Structures are given as C-alpha cells and as structure tokens.
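See below for the structure under consideration.
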Number of protein chains: 2
Amino acid sequence: MPTMTAAERRERDRQEFNVFLATCPSRQLLDRLSDKWVGLVICALQPGSLRFSELARAVAGVSQKMLTQTLRSLERDGLVEREVTPSVPVRVDYRLTDLGRSLLPLMAAVQDWAEHHMREVTAAREEYDRAS
Amino acid sequence: MPTMTAAERRERDRQEFNVFLATCPSRQLLDRLSDKWVGLVICALQPGSLRFSELARAVAGVSQKMLTQTLRSLERDGLVEREVTPSVPVRVDYRLTDLGRSLLPLMAAVQDWAEHHMREVTAAREEYDRAS
DNA sequence: CGGAATCCAAAGGGATACTG
DNA sequence: CAGTATCCCTTTGGATTCCG
C-alpha cells in the first residue's frame with residue numbers, strides 16, 4: 001500500500017465524494033450535519049463531557065426523544081463517545097471524539113454567524129415584507 | 001448615537017442573541033441555515049449569478065418546489081438577490097448578496113468536512129453496527 | 001422558463017407511559 | 001437517571017397541473 005501525501009488524499013476524496021451529487025454518501029452526511037440539533041449538541045459538548053440531563057438543559061428546547069436520537073446518530077457516526085457508569089441510578093456521560101472535535105469549530109462558526117448577523121437578517125426581512 | 005467599536009458590538013450581540021435559548025431569534029435563524037438545501041444553494045452560487053434552471057441542475061436532487069421555497073427564504077433574509085429579465089420566456093437570475101457571501105466560506109467548510117471525513121464516518125458506522 | 005397552487009403520502013417530532 | 005415504546009398530530013416535500 002503506497003504512502004499518499006495529504007494532497008493526494010484530498011484529490012482522491014474530491015473525485016470520490018461530492019455533496020452536489022444527490023446519491024453521494026457525503027450528501028447524506030451533510031444532511032445529518034444539517035440536522036436541527038446536531039450543531040447545538042456538538043457545541044454544547046465543547047467544554048468537556050456532559051451527562052444526559054446536563055446536555056438536555058444546555059440545549060434548551062430539545063425533547064428527550066430528539067436528544068436521544070441525535071446522540072445515537074452522533075455516536076454511530078463516531079463524533080461522540082458514550083460512557084456508562086453502572087451506579088444506581090445509572091450515570092451516562094457524553095463527550096466529543098477527536099473526529100467530533102474537528103467539526104466543532106465549523107459548527108461554532110455558523111452559530112456565531114447567526115448570532116452576529118441577526119440584526120441584518122431582521123432588517124432584510126422587514127424590507128422584504130414591506131415591499132410585498 | 002455613540003459610536004461602537006467592533007468589540008462593543010460583539011458584546012452587545014452576545015448578550016442579546018444566543019442560539020442555545022429556545023426562543024431566541026438567532027435560534028430560528030440557525031434552523032434556517034441548517035436547512036437541507038440552504039448550504040448547497042449558497043455554495044452553488046459561489047462562482048457568480050445563476051439562472052433558476054442552472055441552479056436546479058447544479059443542486060442535484062432538489063425539486064422545483066423546494067428550490068423555489070429555499071430561494072424565497074434566502075431572498076427574504078437578504079442572502080440572495082433575484083433579478084428578473086422580462087423577456088419571453090422570462091429569465092430569472094440569482095446571486096449572493098454581500099451578506100450571503102459572508103456566509104459562504106462557513107457553509108463550504110462544512111461541506112468540505114463532509115467530503116473529507118466520509119471514510120472515517122463510514123468506518124465508525126460499520127464498527128457501531130457490528131457491535132450492536 | 002419560472003414559477004404558484006393543490007393534493008397527498010411520508011417523515012418528523014411532541015406527549016405520555018413504562019422500565020432497568 | 002436515562003432511556004424505550006407507543007400514539008398521534010404536524011410538517012415536509014414530491015408529483016402534478018396550470019399560468020404569465
């Protein structure tokens with residue numbers, strides 16, 4: 001198995017994966033990343049590991065069902081690790097994997113953008129609604 | 001009206017907007033940005049303005065209804081501009097606004113991440129499914 | 001060509017009850 | 001505490017038709 005440079009790996013990925021193709025696996029992955037709760041959960045885990053209930057409190061508005069579902073998919077995709085402490089009652093902690101942590105700055109950047117450009121978007125909406 | 005430094009504006013936004021609050025307007029904006037098609041449409045418009053039909057072809061798999069709906073919301077939020085040429089048949093072009101262009105690198109980064117980490121995610125899924 | 005409008009099936013997601 | 005399972009309402013979104 002020949003060694004590849006980083007540039008060669010990028011080129012190989014570029015040929016094999018393309019989010020603009022409807023059936024490409026990376027498109028499905030992008031859909032997961034675009035999930036309503038995925039970004040918030042990942043950023044909530046930035047400071048370190050959190051228990052299920054702490055996570056539920058951090059991400060306001062998420063239902064227990066949606067949080068469980070989101071965490072399962074993140075765990076399956078290798079972005080989050082789950083650790084169970086078999087005490088009574090049971091204690092479950094979640095933390096980012098290295099892969100999940102590599103995604104963190106991107107998700108945080110989008111959230112920052114939303115917070116910092118809210119005023120301009122609001123102004124644009126009022127303008128649009130007035131015109132129509 | 002006193003002049004604010006960029007740092008002061010950031011601090012004001014930080015106090016007023018927080019995506020982790022369920023009812024915060026920025027949370028709704030984040031939900032829009034997390035839409036399945038928003039990122040793809042914005043990145044498709046990166047090279048320059050595109051007609052409706054060109055956009056539909058660039059973003060494979062999007063239906064005409066979804067593309068229209070996505071473009072309307074982007075236009076309303078001030079991220080995309082719509083230009084109508086009243087010829088027969090009519091010609092409609094879309095292009096990013098400055099605000100939309102400021103979001104472009106963030107969306108592109110997430111898509112790049114999806115394409116470049118697909119293998120690791122696939123491996124994680126196989127591992128997870130084998131274990132369960 | 002670039003939509004708007006309607007219909008309808010499928011998926012999303014909340015509330016509740018129950019369990020180890 | 002941290003889920004799973006079920007019910008059921010709401011939203012999403014594709015297919016189709018029609019229009020300027």
Side-chain angles (χ1 to χ4, degrees), chain A residues 21-23 27-41 44-45 48-77 80-95 128-129 131-132, chain B residues 21-23 27-41 44-45 48-77 80-95 128-129 131-132:
Chain A
L21 302 179
T23 57
R27 168 73 77 85
Q28 269 115 57
L29 179 54
L30 181 61
D31 287 347
R32 306 307 306 267
L33 300 184
S34 299
D35 181 88
K36 183 175 184 175
W37 301 112
V38 163
L40 289 170
V41 166
L45 288 174
S49 102
L50 283 182
R51 302 185 60 169
F52 184 87
S53 51
E54 293 171 325
L55 214 34
R57 231 169 305 116
V59 183
V62 69
S63 69
Q64 154 264 15
K65 174 179 174 178
M66 281 303 99
L67 183 54
T68 299
Q69 190 170 301
T70 301
L71 286 168
R72 285 295 162 279
S73 83
L74 289 176
E75 191 192 356
R76 188 169 107 97
D77 289 354
V80 158
E81 270 174 0
R82 181 171 182 267
E83 183 183 7
V84 180
T85 307
S87 53
V88 179
V90 67
R91 172 193 178 100
V92 182
D93 289 273
Y94 293 93
R95 65 172 174 278
Y128 183 93
D129 293 344
S132 70
Chain B
L21 303 178
T23 57
R27 168 71 78 83
Q28 270 117 55
L29 179 55
L30 181 61
D31 287 347
R32 306 307 306 268
L33 299 184
S34 299
D35 181 86
K36 182 174 183 176
W37 302 112
V38 163
L40 289 170
V41 166
L45 288 174
S49 101
L50 283 183
R51 301 185 61 169
F52 184 88
S53 50
E54 293 172 326
L55 215 34
R57 230 169 305 116
V59 183
V62 68
S63 68
Q64 165 262 344
K65 176 180 174 176
M66 282 302 100
L67 183 54
T68 300
Q69 190 170 300
T70 301
L71 286 167
R72 285 295 162 279
S73 84
L74 289 176
E75 192 191 355
R76 187 169 108 97
D77 289 351
V80 158
E81 270 175 0
R82 182 171 181 266
E83 181 182 9
V84 180
T85 307
S87 52
V88 179
V90 66
R91 172 193 178 99
V92 182
D93 289 274
Y94 294 92
R95 66 169 175 280
Y128 183 94
D129 293 344
S132 69

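Naming: A, B, ... by sequence-line order, numbering from 1 per chain. Note that these values count all heavy atoms, side chains included, but never hydrogens, waters or copies made by symmetry. Nothing here was measured: the structure is a model prediction, and the numbers come from that model.
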- Going by heavy atoms in the side chains, are A:L71 and A:L55 under 4.5 Å from each other? yes

- Message: Working to the nearest 0.5 angstrom, can you tell me the gap between A:D35 CG and A:Q69 CD?
- Response: 8.0 Å

- Message: So, OP1 or OP2 of C:dG3: does either fall under 4.0 Å of a side-chain N or O from B:Y94?
- Response: yes

- Would you indicate which nucleotide in D:dG3, D:dG14, D:dC1 comes nearest to any side-chain atom of B:K65? D:dG14

- Of the candidate nucleotides D:dT4, D:dC1, D:dT16, which contains the atom at the shortest distance from the side chain of B:Q64? D:dT16

- Item | Rounded distance (Å) that lies between atom P of D:dT12 and atom CZ of B:R72 | 18 Å

- Drop me the distance from A:D31's CG to B:S34's OG, to the nearest 0.5 angstrom. 11.5 Å

- Quick one: which of D:dC1, D:dG20, D:dG3 gets closest to the side chain of B:V90? D:dG20

- Item | Rounded distance (Å) that lies between atom P of C:dG12 and atom CG of A:L67 | 17 Å

- Phosphate-side-chain proximity, B:R82 and C:dG2, N/O vs OP1/OP2 below 4.0 Å: no

- Item | OP1 or OP2 of C:dG2 under 4.0 Å from side-chain N/O of B:R51 | yes

- Starting at atom CG of A:L55, determine the distance to atom C1' of D:dC1, rounded to an integer number of angstrom. 14 Å

- Query: D:dC1 C1' sits how many Å from A:D93 CG, rounded?
  - Reply: 12 Å

- Query: Which sits closer to the 5' end of DNA chain D, B:V62 or A:V92, going by the nucleotide each is nearest to?
  - Reply: A:V92

- Query: Can you find a donor-acceptor pair, distance only, under 3.5 Å between A:Q69 side chain and D:dT4 base?
  - Reply: no

- Given atom NZ of A:K36 and atom C1' of C:dA11, what is their separation to the nearest angstrom? 15 Å

- Rounded to the nearest angstrom, tell me the gap between atom CZ in B:R91 and atom C1' in C:dG3. 16 Å

- Task: May I have the distance from B:M66 (atom CE) to D:dT12 (atom P), rounded to whole angstrom?
- Result: 9 Å

- Query: With a 4.5 Å limit on heavy-atom distance, are the side chains of B:R32 and B:S73 in contact?
  - Reply: yes

- Validation row: B:D77, A:Y128 side chains within 4.5 angstrom (heavy atoms): no

- Message: What is the separation between atom CD on A:E54 and atom P on D:dA2, rounded to the nearest whole Å?
- Response: 8 Å

- Query: Any side-chain N or O of B:S53 less than 4.0 Å from the OP1 or OP2 oxygen of C:dG2?
  - Reply: yes

